[in-house]
Amino acid sequence: MELKNRHIIIFSQMQFDGRLESTNYTMAKHLAKDNFVYYVDRPFTWKDYVKFRNTPEYKIRKPHFFSAKNSCIQTDIPNLKIVISPPVPSINMLPEGPLYRKAVKFNEKIVADRLKKVIKKLNIKDYIYINSYNYTYPNFHQLIKPQLTVYHCVDPLIEEYQTRHGLISEDIVVKSVDLVLCTSKQLRDSKKKLNNNSFFIPNAANISHSQKALNPQLPVADILADIKKPVIGYFGNIERRIDYDLLIAVLKQNPDKQFVFVGPVDIDYVEHEAFKLPNISLKGSVPYEQLPAVLKGFNIAIIPFKKDEVSSSIFPLKLFEYLGSGRPVVSTDFNTDLKDFTGDTVAYCKNADEFSAAINTALNDTPELQKKRLAVAAENTWEHRITEIKNLLASNLHTVLHN
């Protein structure tokens with residue numbers, strides 16, 4: 001059974017216009033190449049509605065918040081529409097219990113009522129529903145009655161605001177859907193205890209985008225113009241996953257190198273002592289479109305993640321983006337499964353001494369080593385991953401329809 005010309009509703013935790021490229025929205029874009037995809041954007045809360053009134057994100061959604069007839073934003077992909085729901089009450093501060101669960105149902109009904117109107121208006125029938133890491137709406141699929149229900153688990157729940165209700169909510173979703181897709185083996189093994197129909201589909205990269213860094217005509221990003229070489233760079237969210245003790249040690253061991261971190265900084269880490277050292281710069285967020293120009297300015301790309309029980313479940317999107325740009329990559333050994341995909345093209349380090357040694361080795365890069373990295377990246381594209389996802393969706397849809 002081929003997954004083609006199907007209607008697929010994806011309700012995601014990630015907003016379609018987020019600052020960084022997300023696995024959730026990337027999957028939607030690829031599925032929309034030969035299916036009809038309706039991406040239900042993470043709803044604004046009333047708090048968001050007030051707080052972000054002057055932002056581009058608010059302005060693009062404003063015409064759609066309260067118009068059931070104008071609920072969709074058409075993307076530049078013909079088969080991909082963004083569904084905007086009305087704002088919902090902020091409820092995460094409530095204690096876990098009956099009151100919170102009632103509030104969840106109230107919010108689910110607000111979004112479901114909007115989606116049902118879109119379904120009716122566009123005559124959407126026989127659709128697949130994917131909850132893409134939106135565990136805060138655990139019973140939503142029961143309100144819209146799809147043919148196949150899927151939970152897409154892209155990360156472990158870490159932060160207190162996630163675990164407060166998320167651990168219970170995610171279990172509810174996992175137990176009640178037909179199929180679970182996970183981006184790491186550890187997540188798959190965890191979810192399999194609740195739903196035996198759980199599978200591992202690792203993250204991939206938009207190689208055609210990151211490979212633009214290899215274009216001799218592409219200028220290096222302006223934010224790196226004043227940085228002295230060699231540049232050791234990181235691109236992505238700057239938050240709890242980073243091993244700050246290791247980072248401080250590596251910075252002190254390499255005073256002759258400049259470390260540049262590009263991406264949004266979690267408020268809890270803005271004043272971290274690591275960022276006060278003289279050979280590190282924080283450059284803030286840049287649009288995803290500028291990723292190749294940023295990576296071109298890196299001599300080495302790094303993933304200095306903390307090695308703990310949580311990180312062992314992370315399969316970072318940036319790994320293959322780095323490799324696709326041709327940059328040498330140095331990482332901590334936070335997830336032992338990664339080596340199965342990268343072989344000897346990435347240096348995985350146990351401690352700061354190994355990390356520093358790997359950086360110095362990587363500075364002696366060769367065209368042959370770069371060629372090997374690009375070959376690994378080419379095996380881990382979204383085109384490969386989406387075929388795996390479509391095959392699982394198709395086989396499970398066939399099973400559901402014939403049972």
Side-chain angles (χ1 to χ4, degrees), residues 2-43 56-57 60-61 64 71-85 115 118 122 124 127-134 146 148 150-155 179 181-183 201-213 235-237 285-292 295 315-321 323-325 377-394 397:
E2 187 179 13
L3 195 80
K4 196 170 185 179
N5 295 324
R6 290 281 175 181
H7 293 278
I8 303 173
I9 294 170
I10 300 176
F11 191 7
S12 177
Q13 173 68 8
M14 302 301 292
Q15 292 175 329
F16 79 98
D17 53 353
R19 289 180 291 179
L20 295 175
E21 187 80 350
S22 69
T23 298
N24 321 63
Y25 190 54
T26 301
M27 177 180 70
K29 289 189 289 187
H30 281 273
L31 286 172
K33 289 180 179 178
D34 49 11
N35 294 278
F36 303 98
V37 177
Y38 311 90
Y39 190 87
V40 183
D41 200 54
R42 188 184 80 217
E57 292 79 10
I60 198 171
R61 290 165 176 78
H64 311 281
S71 304
C72 295
I73 298 171
Q74 178 59 57
T75 69
D76 55 4
I77 300 172
N79 289 350
L80 178 58
K81 290 179 169 60
I82 311 300
V83 180
I84 304 297
S85 77
L115 182 57
V118 172
L122 300 179
I124 304 170
Y127 45 88
I128 295 169
Y129 170 74
I130 302 174
N131 177 324
S132 191
Y133 198 52
N134 205 343
L148 177 72
V150 183
Y151 180 58
H152 181 214
C153 183
V154 303
D155 263 329
L179 170 66
L181 305 177
C182 303
T183 58
I201 303 286
N203 275 329
N206 182 356
I207 302 302
S208 62
H209 186 53
S210 57
Q211 279 186 342
K212 293 173 187 174
F235 188 100
N237 289 311
S285 299
V286 300
Y288 181 68
E289 290 72 25
Q290 291 183 26
L291 169 69
L295 293 182
F315 202 110
L317 196 62
K318 64 176 62 60
L319 174 62
F320 296 121
E321 289 176 331
L323 291 172
S325 73
E379 293 170 0
N380 292 279
T381 64
W382 267 107
E383 285 72 21
H384 284 84
R385 293 291 184 268
I386 213 68
T387 298
E388 297 176 52
I389 291 172
K390 286 165 67 176
N391 288 341
L392 275 172
L393 293 176
L397 181 61

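This is a predicted model, so every value here is computed, not measured.
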Which atom of Ser71 lies closest to which atom of Val118, heavy atoms considered: CB-CG2, 3.8 Å
Quick one, Met27 and Ile386 - any side-chain contact, counting heavy atoms below 4.5 Å? yes
Tell me, do Phe11 and Leu115 make a side-chain contact under 4.5 Å, heavy atoms counted? no
Phe320 versus Ser210, closest heavy-atom pair with distance: O-OG, 4.4 Å
To check you understand the geometry: which heavy-atom pair defines the closest contact between Cys72 and Val83, and what is its length? SG-CG2, 4.1 Å
Do Tyr288 and His209 make a side-chain contact, defined as non-hydrogen atoms from C-beta onward lying under 4.5 Å apart? yes
With heavy-atom distances below 4.5 Å as the criterion, would you say the side chains of Leu181 and Tyr151 are in contact? no
Search all heavy atoms of Leu179 against all heavy atoms of Leu392 and return the closest pair with its distance. CD2-O, 4.1 Å
Can you name the residues that form a salt bridge (charged side-chain N to carboxylate O under 4.0 Å, His left out) with Arg42, not counting sequence neighbours? none
Is there a side-chain contact between Asn206 and Thr26 (heavy atoms, below 4.5 Å)? no
What distance separates Leu3 CG from Asp34 CG, expressed to the nearest 0.5 Å? 7.5 Å
Are the side chains of Val286 and Phe235 in contact, using a 4.5 Å heavy-atom criterion? yes
Test item: Glu289 side-chain N/O and Pro292 main-chain N/O as donor-acceptor pair under 3.5 Å: no
Is a side-chain donor or acceptor of Asp41 paired with a backbone partner of Ile82 at a separation under 3.5 angstrom? no
Tyr25 vs Tyr39 aromatic rings, parallel, tilted or perpendicular, using cut-offs 30° and 60°? perpendicular
With sequence neighbours excluded, what pairs up with Lys81 under the salt bridge (charged side-chain N to carboxylate O under 4.0 Å, His left out) test? none
Of the non-hydrogen atoms in Asp155 and Tyr133, which two are nearest, and what is the gap between them? O-CE1, 3.1 Å
Applying side-chain hydrogen bond (donor to acceptor under 3.5 Å, both in side chains) to Asn134 and Ser132, what does each step give before you reach the verdict? CA-CA 5 Å; Asn134 205 343; Ser132 191; over 6 Å; no
Any side-chain heavy atom of His7 within less than 4.5 Å of one from Leu122? no
Pairing residues for Glu388 by the salt bridge (charged side-chain N to carboxylate O under 4.0 Å, His left out) criterion, not counting sequence neighbours: Arg385
Going by heavy atoms in the side chains, are Asn24 and Ile10 under 4.5 Å from each other? no
If you look at every heavy atom in Leu80 and Ala32, which pair is closest and at what distance? CB-CB, 3.8 Å
Just by modelled atom types, is the Arg6 backbone N or O under 3.5 Å from a matching donor or acceptor in the Asn35 side chain? yes
